[in-house]
Amino acid sequence: MGLIKKSLLKSLWVFHLPLSPCNNCDIEILDALTPRYDLERFGIQLVGSIRHADVLLVTGVPNYKNYTKLKYLYEQAPKPCFVVAIGTCACGRGVFKDSFNSPCDVDKIVPVSAYVPGCPPKPEAIIDGIVKLIKSLKT
Amino acid sequence: MKKIIPIGPYHPLQEEPEFFKLYVEEEKVVDIEIEIGYNHRGIEQISTLKHYDQIPFVVERICGICSTSHPFAYVNAVEDLAGIDVPVRAKYIRSIIGELERLHSHFLWLGLAGHFIGYNTIWMWSWKHRENVCDILEVISGNRQHYAMFKVGGVRRDIPNDLVPQIEKMCDGLLSVIDMFRGAIMDDPVIHARLKGVGVLTKEDAIKYCVVGPTARASGIDIDVRRDDPYAAYGEVEFNVPVLYNGDVFDKAVVRILEMYESIKIIKQCLEKLKKEPEGNIETKIDFIPPGEGIGRHEAPRGEVFHYIRSDGSNRPIRHKIRAPSYMNIASNKVAAVGQTIADAAITLAAVDPCYCCTERATVVDLKTNQEILCWDDLVKLSQQKTEKIRKLYE
Ligand code: SF4
């Protein structure tokens, strides 16, 4: 595990899974990659397949049509894979708690390593969340 | 050999998460199937559980990119129902927020469209300049997105007069940026060759599929709720509605760029008039909502949004119906994308400006072996390679 953890500290590859978000959290994630915040200079990169990813960024609330997909995706990911819940929706469903189409929280389906609350969290907050995740890996 | 390319399935606007199934023969798209429902969160039902003052926060969360459009249409609907008059200052503030949102949304679209055809510089640049708009919105409302500015009877926060110069400065700064993008797109022979005649939606088809917004205006249909049925401050400002006639991806891009100029024009006129109104008078007090029904419309960056409210006299609506613009626009892909090559599919589907973050997964499945051949990344790559080929021709 030591070697894997060490390699994870340098450049995390993230896969972005929108469950049923309003899109803002997703925009802020992309925002963090574009010139003003430019996370890519630290080697943090969005990848197209979960099989290449170290981190799964989940946004939005699970609904009946897609919550099984979250589990499949997590199972397909090479371990260790860290799940980061971005936004109030993914952290605790927010206003959608009362909805007839929202079965459960994200952390009831997969283990979540970091929560970034906010609606939407600012790119700074997302970066902060990732930094905290990396710090927790060090210890 | 016929193959299926599934694109999707998630899409963020309520009632219209999308899942495209492209049927392809060799390079050509022969049919397209659209499946929605992945993003259903039951917002209309949640809305009937909240009281009128809470609903703007709920409908704001339908879509992040047009997070002012839904509250805008919603307050229009409730004000129509209850016959409420809004203070003049609040009207100007509403229009300003609406247009700022159009600016940032079009920048966002421009960037992603650039990315799909292999102009990643356009992507990075337009997202960079989009940040300026987000900054202003943050100064005004305290949040970069989900501004929470709207409430029935007025707005929640004032735009203080000493903030006006800062907004004006940002608008002036953006003008040169939009000029640059206009130059980059309209004068570039490669982009002409790449986008002209691609994904054409003829006027007849546009009418048949009831498309709205820039998608309709690029096909020669001259509609715009802001002008045709003025609300907020749109009746008191002057602006043009750009209309183009070819209906291809190129025209859809140009229409959006021209609209950005108009948005800046509207913001500036509103700011001028805002300065003359007394500060602080931003809402009408409402005691109760009478029984009845009301409709509200707003020209969102993607087209007309429509809200319907029915009240029984209590403090919650008993029915809230929402129709968002992409719902019609996405269906028009059925004609626009058929007959195109796969390399053009990405940009054609993207041209109606659905919220893409969620369509970023696609796979080509070979029907016989059921094996995945292409994924969305490959599709974008294909599209970028085609641009590269055209660029070489021009060198
Ligand atoms: S947390 Fe807020 S911004 Fe993020 S997806 Fe949910 S509603 Fe949208």
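What you see is a predicted model, and the numbers here were worked out from it, not measured in a lab. Only heavy atoms go into these numbers, but all of them, side chains included; no hydrogens, no water, no symmetry mates.
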Completion exercise
If one checks every heavy atom of V61(A) against chain B at 4.5 Å, the contacting part turns out to be side chain
Practice task
Mark yes or no for whether T88(A), through its side chain, and G118(A), through its backbone, hold a donor-acceptor pair below 3.5 Å.
Solution key: yes
Exercise for the section: Output the residues of residues 49-57 of chain B for which the shortest heavy-atom distance to chain A is under 4.5 Å, in residue-number order; output 'none' if no such residue exists. Expected result: L49(B), K50(B)
Fill in the blank from the handout: Applying a strict 4.5 Å limit to non-hydrogen atoms, the region of C119(A) in contact with chain B is both
Exercise for the section: State whether a side-chain donor-acceptor pair under 3.5 Å links S11(A) with Q45(A). Expected result: no
Would you be so kind as to tabulate the donor-acceptor pairs closer than 3.5 Å made by side chains of residues 130-139 of chain B, with sequence neighbours excluded?
| from | atom 1 | to | atom 2 | distance (Å) |
| --- | --- | --- | --- | --- |
| R130(B) | NE | H104(B) | ND1 | 3.2 |
| R130(B) | NH1 | D31(A) | OD1 | 3.2 |
| E131(B) | OE1 | R144(B) | NH1 | 3.1 |
| D135(B) | OD1 | R36(A) | NH1 | 3.2 |
| D135(B) | OD2 | R36(A) | NH1 | 3.1 |
| D135(B) | OD2 | R36(A) | NH2 | 3.0 |
| E138(B) | OE2 | K122(A) | NZ | 2.7 |

Handout entry: Plane angle bin for H129(B) and F107(B) - parallel if under 30°, tilted between 30 and 60°, otherwise perpendicular
Key = tilted
Exercise for the section: With sequence neighbours excluded, give me every ring pair (Phe, Tyr, Trp, His ring centres under 6.0 Å) pair touching residues 99-139 of chain A. Expected result: F100(A)-H40(B)
Problem - Option passing side-chain hydrogen bond (donor to acceptor under 3.5 Å, both in side chains) with S69(B) (candidates H307(B), E60(B), R102(B), E101(B)) - result: E101(B)
Under 3.5 Å, which donor-acceptor pairs do the side chains of residues 70-80 of chain A form with other protein atoms, sequence neighbours left out?
| from | atom 1 | to | atom 2 | distance (Å) |
| --- | --- | --- | --- | --- |
| K79(A) | NZ | Y74(A) | O | 2.9 |
| K79(A) | NZ | A77(A) | O | 2.9 |

